[in-house]
**Student:** 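Quick one: structure below, then a few questions.
As the structure lists them, so they are numbered: ligands from 1, and atoms in each ligand from 1. Predicted model only: the values in this text are computed from it and were never measured.
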Amino acid sequence: MAAVTLKGIEKQYDNGFKAVHGIDLDIKEGEFMVFVGPSGCAKSTTLRMIAGLESISGGDLHIGGERMNDVPSKDRGIAMVFQDYALYPHMTVYDNMSFGLKVAKLPKDEIDQRVREAAEKLQITDLLDRKPAEMSGGQRQRVAVGRAIVRKPDVFLFDEPLSNLDAKLRVSMRVRITNLHKELKRAGQPATMIYVTHDQVESMTMGDRICVLNQGRIMQVDTPMNLYNFPANKFVAGFIGSPAMNLLKADLIQEGDSVMVQVGSDRFTLPQEKAQKVVSQVGKSIWFGVRPEYIGNAETHPECTANSFNSEVITLERMGFEENIYFEVDGQPCSARIPHEKAGESDVGNNYHFCIDMNKCHIFDMESELNISL
Ligand SMILES: Nc1ncnc2c1ncn2[C@@H]1O[C@H](COP(=O)(O)OP(=O)(O)OP(=O)(O)O)[C@@H](O)[C@H]1O
Ligand SMILES: [Mg+2]
């Protein structure tokens, strides 16, 4: 059991490139923390510094209350699972899983018990005599996780462990890993897990909390739902959620008591509560953010005709339950996600009557890109 604390953590590589710019993060004991962000944002670098596979250029790393900056990887109480599994190809599954325990000179019975227990949990008992080349990607992935479990680490570190698997297998492995986290908690052996992914669906469904990174800096740390509903800035707003939030260049204007967002010739009125928060910015250009699911068909929402507009349907994706409708507002690309039964006449080329639920919109400062409507 161990909390992981990063204080002002920095990384400068030998070639002078600064990959991590001072990260502060408290990961609680037994927490499932996800690192998410675009390629190159330093997810792996940060994880590898926690693991002790990469030196720390500045700041302090504590695991279980102990400063770990200069402690060798093997003494940090961690186990890591990589994207490429890194199994020993000439060894059986049993030997792959038991190797680290043998090196650590655990008694033979204890090793056998731990390997069989982990194999049971991951349903790979009947594969124990196979070699990696004789298994599917998903089976190899389970062995890689099994090899981490047998060590009973305080902290599990995962670096995109599912990215080599096909979509269906990813879902089942995703569930397996979150269940493992829950099981360990129930069994009174909670493990802290840090899980790196660039897949925002994985991050939303797996994490107790998510740490969104961009260019070596933390953009926001919060629960999945809070990130979704209250993004602190434009980056998080655009990154979390699929399809992505619409972000339109717009102007804030005032008419009488109403504060409105003007996009081209269309005007949308902010609800009182949001208007109060942004009224000092009237007259300025802003980013107007609205998720596709909060743009609807005005014909089936008579209550929101005040904030409606017309636009030609450019592309239509019928997904079954819902439709993704692509169009433009003031020349800027925009999308709506509307349940099929409410979508009406959504064929390409139609002049469609959209409406926006302004209670759910966000206003971001044009320069700082911070959310000023929270
Ligand atoms: N050994 C190195 N020397 C110099 N720069 C490096 C080194 N390793 C990584 N970098 C740079 O550091 C930055 C962060 O890399 P990192 O691998 O941590 O990103 P990532 O978020 O894991 O990306 P991905 O999603 O592609 O795996 C990148 O700009 C990368 O080019
Ligand atoms: Mg990486």
**Student:** Using distance alone, determine whether Ser44 and ligand 1 share an N or O pair under 3.5 Å.
**Tutor:** yes
**Student:** Counting N and O atoms only, with roles assigned by atom type, does the side chain of Asn307 sit under 3.5 Å from a partner on the main chain of Thr269, one being a donor and the other an acceptor?
**Tutor:** yes
**Student:** Parallel under 30°, tilted from 30 to 60°, perpendicular over 60°: which one fits the rings of Tyr195 and Phe32?
**Tutor:** tilted
**Student:** How far is atom 26 (O) of ligand 1 from its nearest protein heavy atom, and which residue and atom name does that atom have?
**Tutor:** Ser39 OG, 2.5 Å
**Student:** Treat each ILVMFWY residue as a node, draw an edge where side-chain heavy atoms are under 4.5 Å apart, and state whether Phe82 and Val36 are in one component.
**Tutor:** no
**Student:** Side chain of Asn96, backbone of Met91: donor and acceptor closer than 3.5 Å?
**Tutor:** yes
**Student:** Could you tell me whether Arg116 and Glu120 make a salt bridge, using a distance below 4.0 angstrom between a side-chain N and a carboxylate O?
**Tutor:** no
**Student:** Tell me whether Arg76 contacts the main-chain N or O of Met68 through its side chain, where contact means a donor paired with an acceptor under 3.5 Å.
**Tutor:** yes
**Student:** Among Lys43, Lys11, His198, whose heavy atom sits nearest atom 25 (O) of ligand 1?
**Tutor:** Lys43
**Student:** Is the shortest distance from atom 6 (C) of ligand 1 to a protein heavy atom below 4.0 Å?
**Tutor:** yes
**Student:** Below 3.5 angstrom, do we get any N/O pair linking Cys41 and ligand 1?
**Tutor:** yes
**Student:** So, the side chain of Ser73 versus the backbone of Gly52: is there a donor-acceptor pair under 3.5 Å, distance only?
**Tutor:** no
**Student:** Among protein heavy atoms, which sits nearest to atom 11 (C) of ligand 1, and what does the distance come to when rounded to 0.1 Å?
**Tutor:** Phe17 CE2, 3.8 Å
**Student:** Who are the side-chain contact (heavy atoms from CB on, under 4.5 Å) partners of Ala298, not counting sequence neighbours?
**Tutor:** Ser308, His353, Cys355
**Student:** Would you mind listing which atoms of ligand 1 come within a distance below 4.0 Å of any non-hydrogen atom of Thr45?
**Tutor:** 14 (C), 15 (O), 16 (P), 18 (O)
**Student:** Is it true that Ile363 and Ile240 fall in one hydrophobic cluster, defined by side-chain heavy atoms closer than 4.5 Å?
**Tutor:** yes
**Student:** Where does the angle between the aromatic ring planes of Phe309 and Phe354 fall among parallel (under 30°), tilted (30 to 60°) and perpendicular (over 60°)?
**Tutor:** parallel
**Student:** Determine whether a donor-acceptor pair (N or O, by modelled atom type, separation under 3.5 Å) exists between the side chain of Lys234 and the backbone of Trp287.
**Tutor:** no
**Student:** Protein non-hydrogen atoms only, distance under 4.0 Å: does atom 31 (O) of ligand 1 have such a neighbour?
**Tutor:** no
**Student:** For Gly40 and ligand 1, answer yes if some heavy atom of the residue is under 4.0 Å from a ligand atom, otherwise no.
**Tutor:** yes
**Student:** For the backbone of Ser242 and the side chain of Arg337, can you confirm whether one donor and one acceptor N or O come within less than 3.5 Å of each other?
**Tutor:** yes
**Student:** What is the closest protein heavy atom to atom 3 (N) of ligand 1, and at what distance does it sit?
**Tutor:** Tyr13 CG, 3.3 Å
**Student:** Using a 4.0 Å cut-off to any heavy atom of Asn15, which atoms of ligand 1 qualify?
**Tutor:** 4 (C)
**Student:** Which protein N, O or S atoms lie under 2.8 Å from the Mg ion (ligand 2), given by chain and residue number?
**Tutor:** Ser44 OG
**Student:** Examine ligand 1 and decide if any of its atoms is less than 4.0 Å from a heavy atom belonging to Glu160.
**Tutor:** yes
